[in-house]
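In listed order, ligands and their atoms are each counted from 1. Residue numbers start at 1 and run along the sequence shown.
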Amino acid sequence: ALERTFSIIKPDAVRRNLIGKIIAKFEEAGLRPIALKKIHMTRAQAEGFYAVHKERPFFGELVEQMIASPVVVQVLEGENAILKNREVMGATNPENAAEGTVRKEFALSIGENSVHGSDAPETAAEEIKFFFNDDELVG
Ligand code: CMP
């Protein structure tokens, strides 16, 4: 089915000028960016976005990394976009990521892992709404 998913190009990747190379991988996989913007997340945004992880030991470091410098937030549309995006990203820990994936090629560590992507339809809808209004989605 045609789906929409939410993607973040994280600070570590934006700092290393990898926006284009990462978007190219999404486009080559048939994912179409229908909304995108560069933002510098506030602490409140980062804490709210990652609230599901707030009891985890890495939460503080995660928030610090996400607000250290700008990110690119995107909505990607395509057939099975949620799973396809996860395949293009590769495993959360770059040590486990398959050849050719974004995280295998670009991630520095499990925390500075270059991209975030929604893991399921419900979270995709919530995450898109967290950063975009409906009139910003240009499908
Ligand atoms: P992301 O998809 O953005 O969702 C939560 C993030 O927490 C994850 O990618 C990682 O970058 C980060 N993180 C840091 N340490 C860990 C860990 N031990 N397990 C899972 N995620 C971690």
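- Partners of Ala68 according to the side chain to side chain contact (heavy atoms under 4.5 Å, CB included) rule, which considers only residues two or more places apart in sequence or in another chain, are Arg15.
- Residue, atom and distance of the protein heavy atom nearest to atom 15 (N) of ligand 1 are Phe58 CG, 3.4 Å.
- Every atom of ligand 1 with a heavy atom of Gly111 under 4.0 Å away is listed here by number and element: 11 (O), 14 (C).
- Two rings, from Phe130 and Phe6, have their centers 6.0 Å or more apart.
- The ring pair (Phe, Tyr, Trp, His ring centres under 6.0 Å) analysis of residues 80-109, with sequence neighbours excluded, yields no pairs.
- With salt bridges taken as basic N to acidic carboxylate O contacts below 4.0 Å, none links Glu77 and Arg32.
- By heavy-atom distance, the residue among Gln65, Met89, His53, Met66 lying nearest atom 5 (C) of ligand 1 is His53.
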How far apart are the C-alpha atoms of Val72 and Ile39, what are their side-chain angles, what is the distance that settles it, and do they pass the side chain to side chain contact (heavy atoms under 4.5 Å, CB included) test?
CA-CA 6 Å; Val72 172; Ile39 62 169; over 6 Å; no

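- Contacts between Arg103 and ligand 1 below 4.0 angstrom, taking non-hydrogen atoms only, involve the side chain exclusively.
- Residue, atom and distance of the protein heavy atom nearest to atom 1 (P) of ligand 1 are His116 ND1, 3.4 Å.
- Per-residue contacts place Asn113 under 4.0 angstrom from the following atoms of ligand 1 (heavy atoms of the residue considered): 9 (O), 10 (C), 11 (O).
- Of the heavy atoms in Ile110, both backbone and side-chain atoms come closer than 4.0 Å to ligand 1.
- Heavy-atom proximity to Tyr50, at under 4.0 Å, picks out these atoms of ligand 1: 1 (P), 3 (O), 4 (O), 5 (C).
- Protein heavy atom closest to atom 6 (C) of ligand 1, with residue, atom name and distance, is Leu62 CD1, 3.7 Å.
- Taking each heavy atom of Pro33 and Glu27 in turn, the nearest pair found is CD-OE2, 3.9 Å.
- Under the 4.0 angstrom criterion for non-hydrogen atoms, Lys10 is in contact with ligand 1.
- Between Tyr50 and Phe59, the ring centre distance reaches or exceeds 6.0 Å.
- For Glu112, no heavy-atom contact with ligand 1 is shorter than 4.0 Å.
- At a heavy-atom distance under 4.0 Å, no atom of Glu61 approaches ligand 1.
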Taking it one step at a time, do Glu136 and Lys37 satisfy salt bridge (charged side-chain N to carboxylate O under 4.0 Å, His left out)?
CA-CA 10 Å; Glu136 294 180 285; Lys37 55 192 173 189; 3.2 Å; yes

